[in-house]
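Report on one structure; see the data block that follows.
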Amino acid sequence: MHDIKQIRQQPDAFDVGLARRGLPAESATILALDSAWRQSVQQAEVLQAERNAKSAEVGKIKREGGNADALMNEVTAMKDRLAALEAEAKTHEEALNAALATIPNLPADVVPNGKDENDNFEVRAWGARKDIKNAKDHSDLGPALGQMDFETAAKLSGSRFVVLKGQLARLERAIAQFMLDTHTEQFGYTECSVPVLVNDTALYGTGNLPKFKDDLFAANTGHFLIPTAEVSLTNFVNDTIVPEEQLPMRLTAFTPCFRSEAGAAGRDTKGMLRQHQFYKVELVSITAPESSDAEHERMTNAAETILQKLEIPYRTMLLCTGDMGFASRKTYDIEAWLPGQQKYREISSCSNCGDFQARRMNARLRRMNAKGTEFVHTLNGSGLAVGRTLIAIMENYQNPDGSITVPAVLQPYMGGIVKISA
RNA sequence: GGACAGGUGGCCGAGCGGUUGAAGGCGCACGCCUGGAAAGUGUGUAUAGGGGUGACUCUAUCGUGAGUUCGAAUCUCAUCCUGUCCGCCA
């Protein structure tokens, strides 16, 4: 949610920011709604003040035993006009909020302009890509091992689901444990177990609603399945005033994520790269405004550390304006090298949302010895996508015979198993 | 799912339908007191929006939404949440 005062003061800067995202100017529309709202509010308030004064006068007269019938009739007479003005103000306010609710966050200054993922900027690359001859795709390796079964999953649920079995299923669990342990022990995140069914308020707070309802699975109770634990974790501070000394809050959770991705049909249909359901270890930080940039680097480093420990080559991309998510003002994507595809593929996305989500959630902080409150900043990042990490391990650690070597750091989580084979 | 009880400021907790934006306490801030501290003591301390350069002022907010009334934290209805007991259940 944008600060309407900011738009009033610098409408041009607002439109420039939208233009950088490839979106049309909105400030004129917004400001028209805003002034219509303010006008009707002011008129209503004048009338309310008059009513309040007269009613107080009635009270005074009655206490003194007088007759206030005339005054009471006066207030009755203004009721219709007052109700109409209040309704008008409410209509305008709702229209303004509806318009603001679907406008994405503005990009930070350092974000490069661009149209799509081709315009993203490579910040750094890590690790030597091994030369694997005739590298196979995970969707060939897995079924050949008899431990990755798309047919059975299709029987249960349809396309874009998978069943893992045996050591591959265990590997998925091992990856999650390793990630959680690293983030809690090395980076100070607090492990959380959270609801994966959430209400519409929570989804509005993170920016998933109202605009992206079609990407979500809805339950018949009014709940939605989370598309990411970012929703659950970030909303910890929904409608909350956090004392400054409790910041930064660093939270992590391992959850399934559910995405209907109606618009993405046809992309990455093979294998388990793009599924309706997948596991992810999520990182969320709540910070004071001045700390969010540094926290963003710290969080990205935490995510990269996982790949370094797993010894999987990756590159870190600063997303261009055209490729950033709705709520973000600056995003790093971490892309792992997949030998089977001979491509880098996204395995994590770390975003600084500034105060955008905080405004939607009404999440604030109170400074020591200071009056008033400020909006917190929120950040979220994958630390990492577990399914895609499984893919990256399979493809980078594959052996000519189709077996998979277990990365050294995961062996303790696999009961000492060194190799996965059929 | 059934029966009760309850949701008030940063926190706790009062609140006959009429100076109650809201007593009191805690916490916090600034004074006084003290050699210094504690204790004691005085004053001040909600959020958001509108208007004004400013002192200031108007409006809204007592879970949420409707309603009754000249006037609602207070009365009515609906709804959500919390607690206790019962039932069911991993």
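Per chain, numbering begins at 1; letters A, B, ... match sequence-line order.
- Of the nucleotides present, none pairs with B:A23 by Watson-Crick or G-U wobble criteria with both distances under 3.5 Å.
- Whole-Å rounding puts the A:Glu45 CD to B:G49 C1' distance at 7 Å.
- When both pairing distances are held under 3.5 Å, B:G83 makes a Watson-Crick or G-U pair with B:C4.
- Of the C1' atoms belonging to B:G25 and B:G13, the separation is 8 Å, rounded to the nearest Å.
- Under the Watson-Crick or G-U wobble criterion, with both distances below 3.5 Å, B:G35 is left unpaired in every strand shown.
- B:C89 is unpaired under the criterion used here, namely a Watson-Crick or G-U wobble arrangement in which both key atom distances are under 3.5 Å.
- Atom NE2 in A:His92 sits roughly 17 Å away from atom P in B:G50 (whole-Å rounding).
- B:U8 and B:A72 have their C1' atoms separated by 14 Å, with the value rounded to a whole Å.
- Across B:G18, B:U59, B:A48, the shortest atom-to-atom separation from the side chain of A:Arg364 is found for B:A48.
- When the side-chain nitrogen and oxygen atoms of A:Asn52 are compared with OP1 and OP2 of B:C58, none of them lie within a distance under 4.0 Å.
- B:G63 sits 16 Å from B:G21 when the P atoms are compared, rounded to a whole Å.
- With salt bridges taken as basic N to acidic carboxylate O contacts below 4.0 Å, none links A:Arg366 and A:Glu244.
- Of the side-chain N and O atoms in A:Lys90, one or more sit less than 4.0 angstrom from OP1 or OP2 of B:A66.
- When the C1' atom is compared between B:G10 and B:C4, the two are found 32 Å apart, to the nearest whole Å.
- Here A:Glu86 does not pair with A:Lys90 in a salt bridge; the nearest charged N to carboxylate O distance is not below 4.0 Å.
- There is a side-chain donor-acceptor pair under 3.5 Å between A:Thr228 and A:Lys280.
- Taking for each of A:Gln48 and A:Lys60 the nucleotide of RNA chain B with the nearest heavy atom, the 5'-most of the two is the partner of A:Lys60.
- Here the nucleotide nearest the side chain of A:Ile241, chosen from B:G10, B:G51, B:G49, is B:G10.
- Looking only at atom types and distance, the side chain of A:Tyr397 has no donor-acceptor partner in the side chain of A:Glu311 under 3.5 Å away.
- In this entry the distance linking CE of A:Met72 with C1' of B:C70 reads 5 Å, nearest Å.
- OP1 or OP2 of B:G50 lies within a sub-4.0 Å distance of a side-chain N or O belonging to A:Arg8.
- What separates CD1 of A:Ile4 from C1' of B:G50 is a distance of 14 Å, to the nearest Å.
- Closest to the side chain of A:Val75, out of B:G49, B:C70, B:U59, is B:C70.
- Contact between the side-chain N/O atoms of A:Arg366 and the OP1/OP2 oxygens of B:U47 is found at a separation under 4.0 Å.
- Using a 4.0 Å cut-off, some side-chain N or O of A:Arg38 falls inside it from OP1 or OP2 of B:G51.
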- Message: Test ring-ring contact (aromatic ring centres under 6.0 Å, His included) on A:Phe224 and A:Phe217; report intermediate values, then the result.
- Response: CA-CA 6 Å; A:Phe224 295 86; A:Phe217 286 105; over 10 Å; no

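- Judged by the 6.0 Å distance and 45° axis criteria, A:Arg360 is positioned over the aromatic ring of A:Tyr204.
- At a threshold of 4.0 Å, the pair A:Glu374-A:Arg364 does not count as salt-bridged, since none of the basic side-chain nitrogens sits closer than that to a carboxylate oxygen.
- Classified by interplanar angle (parallel below 30°, tilted 30° to 60°, perpendicular above 60°), the ring pair A:Phe326/A:Phe356 is perpendicular.
- Rounded to whole Å, the C1' atom of B:G27 lies 27 Å from the corresponding atom of B:C81.
- Between A:Asn97 atom CG and B:G49 atom P there is a gap of 13 Å when expressed in whole angstrom units.
- In this structure, A:Thr373 reaches the B:A48 phosphate: one of its side-chain N or O atoms is under 4.0 Å from OP1 or OP2.
- Atom CG in A:Leu47 sits roughly 12 Å away from atom P in B:G71 (whole-Å rounding).
- Between B:U59 and B:U19, the distance separating the two P atoms is 14 Å to the nearest Å.
- Sequence order on RNA chain B of the closest nucleotides to A:Val46 and A:Glu374 puts A:Glu374 first from the 5' end.
- The shortest distance between the side-chain N/O atoms of A:Lys62 and the OP1/OP2 oxygens of B:G71 is not below 4.0 Å.
- In this structure, A:Ala56 reaches neither bases nor backbone, as no heavy-atom distance under 4.0 Å exists between it and the strands shown.
- Look at B:C75: its Watson-Crick or wobble partner, with both distances under 3.5 angstrom, is B:G67.
- In this structure B:U61 sits in a base pair with B:A46, meeting the Watson-Crick or G-U test at under 3.5 Å.
- If you take CG of A:Asn362 and P of B:G49, they are 10 Å apart, rounded to a whole angstrom.
- Spacing between B:A73 and B:U20 at atom C1', rounded to whole Å, works out to 9 Å.
- Side-chain nitrogen and oxygen atoms of A:Lys79 include at least one within less than 4.0 Å of the OP1 or OP2 phosphate oxygen of B:G71.
- A:Val41 comes within contact range of no nucleotide atom at all, as no heavy-atom separation falls under 4.0 Å.
- For the pair A:Gln43 CD and B:C58 P, the interatomic distance rounds to 20 Å; values are reported in whole Å.
- B:A66 and B:C12: their P atoms are spaced 27 Å apart (whole Å).
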